[in-house]
Amino acid sequence: MQKHSRYFEGILQLRNPREEVNQFIKSELEKKPEIFISQTIKHRTGLDIYFSSKKFLQGLGRQLQQKFGGELKISAEHFSRDRQTSKDMFRVNVLYRFTGIKSGNVINFRGDELTILSTGKNIHAVNRKTGKKSILKHKDILSQESVKNHPS
């Protein structure tokens, strides 16, 4: 099926992007010639990239988080109803915020040394002294100025 140049199924909201993240997106896109970017909008804090495939976009978001860490939020937005099948049609918004925090990193947070176990909607960490596990929010870690992020 031929799709027009402004067609899109989802938006990748890329915040605090780094060059290695941009290169990774380009390399993944080259592997799928049938998928295209219909539009790119620059913002003060990053980019909005409009993709022609929501399935590819969701997978790309997960790959970005696995490879580079950071915050990932995926949400669907109803935009139409198919006239032939009467099914609701959705577009996908994928927010990826590069934080530099990923699994295996050690950070100082509120006076404690924590090892990051995993990142997702929240950050799962374990205290290096007590072994106590905790769940943290991305915004709490990023708002704290004394966070020192270093590989373990």
Side-chain angles (χ1 to χ4, degrees), residues 1-109 114-125 134-152:
M1 181 172 105
Q2 186 71 21
K3 296 176 182 167
H4 61 83
S5 64
R6 297 195 43 154
Y7 176 84
F8 71 98
E9 292 183 3
I11 304 170
L12 174 61
Q13 298 171 314
L14 200 57
R15 300 298 178 252
N16 307 326
R18 299 289 185 272
E19 187 55 36
E20 63 263 21
V21 172
N22 293 335
Q23 291 301 321
F24 179 77
I25 292 170
K26 286 178 187 173
S27 69
E28 289 300 308
L29 202 54
E30 287 171 0
K31 296 176 188 175
K32 301 280 188 172
E34 69 277 8
I35 297 168
F36 62 91
I37 294 174
S38 62
Q39 186 178 11
T40 301
I41 299 174
K42 285 192 173 197
H43 293 281
R44 186 174 48 85
T45 58
L47 300 169
D48 284 354
I49 305 171
Y50 291 70
F51 282 87
S52 63
S53 170
K54 59 186 171 191
K55 186 176 181 180
F56 172 80
L57 180 56
Q58 290 176 31
L60 179 64
R62 289 186 187 98
Q63 288 178 320
L64 286 170
Q65 186 179 37
Q66 282 181 334
K67 187 168 177 75
F68 301 106
E71 181 180 6
L72 178 69
K73 291 183 183 177
I74 299 175
S75 59
E77 179 182 5
H78 179 266
F79 82 97
S80 182
R81 183 182 273 286
D82 187 306
R83 287 186 221 155
Q84 292 177 339
T85 63
S86 296
K87 288 185 178 180
D88 289 332
M89 298 173 71
F90 293 86
R91 286 191 170 141
V92 175
N93 292 329
V94 175
L95 169 69
Y96 174 72
R97 182 175 287 122
F98 180 82
T99 60
I101 298 172
K102 63 181 182 178
S103 300
N105 285 140
V106 177
I107 62 169
N108 290 325
F109 182 70
L114 304 176
T115 301
I116 304 299
L117 300 175
S118 66
T119 61
K121 186 175 180 182
N122 295 312
I123 297 171
H124 296 262
S134 50
I135 298 173
L136 312 166
K137 301 260 185 228
H138 285 274
K139 66 179 182 177
D140 294 338
I141 289 184
L142 294 176
S143 67
Q144 183 179 334
E145 292 178 27
S146 64
V147 169
K148 291 181 186 140
N149 183 10
H150 54 277
S152 54

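Here the structure is a predicted model, which is why all the values come from computation and not from measurement. The chain is numbered in sequence order, starting from 1.
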Sidechain N-carboxylate O distance under 4.0 Å for Arg97, Glu71: yes
Contact check, side chains of Leu12 and Leu60, non-hydrogen atoms, under 4.5 Å: yes
Spacing of OG belonging to Ser27 relative to CD belonging to Glu20, to within rounding of 0.5 Å: 12.0 Å
Tyr7 OH to Ser52 OG distance, which is reported to the nearest 0.5 Å: 7.5 Å
Rounded distance (nearest 0.5 Å) linking atom CD1 of Ile49 with atom CG of Asn22: 6.5 Å
Check: Arg62 and Gln58 side chains under 4.5 Å, non-hydrogen atoms: yes
Heavy-atom side-chain contact between Tyr50 and Thr40 under 4.5 Å: no
Minimal non-hydrogen separation, Leu136 against Phe109, with atom names: CD2-CE2, 3.7 Å
Polar side-chain atom of Thr45 near backbone of Arg15 as donor-acceptor pair, under 3.5 Å: no
Sub-4.5 Å side-chain heavy-atom contact between Glu9 and Val92: no
Pairwise side-chain contact, Ile25 with Leu64, heavy-atom cut-off 4.5 Å (strictly under): yes
Phe68/Tyr96 aromatic ring centres below 6.0 Å: no
Closest approach of His78 to Asp88 (non-hydrogen atoms, all atoms of both residues): NE2-OD1, 3.3 Å
Phe56 vs Leu29 side-chain heavy atoms within contact, under 4.5 Å: yes
Side-chain (Ser103) to main-chain (Ile116) donor-acceptor, under 3.5 angstrom: no
Derivation of the side-chain contact (heavy atoms from CB on, under 4.5 Å) call for Phe51 and Ile37: CA-CA 5 Å; Phe51 282 87; Ile37 294 174; 3.9 Å; yes
Distance in Å, Lys31 NZ paired with Glu28 CD, rounded so as to fall on 0.5 Å steps: 3.5 Å
Euclidean distance, Leu117 CG relative to Ile123 CD1, rounded to 0.5 Å: 11.0 Å
Interatomic spacing from CG in Asn93 to CG in Leu57 - rounded to 0.5 Å: 8.5 Å
Thr119 (side chain) donor-acceptor with Lys102 (main chain) under 3.5 angstrom: no
Sidechain-backbone polar pair: Lys54 side chain, Phe90 backbone, donor-acceptor under 3.5 Å: yes
Heavy-atom pair of closest approach, residues Pro17 and Gly46: CD-CA, 3.9 Å
Pair Val94-Lys73, side-chain contact (heavy atoms from CB on, under 4.5 Å): steps then yes or no: CA-CA 6 Å; Val94 175; Lys73 291 183 183 177; over 6 Å; no
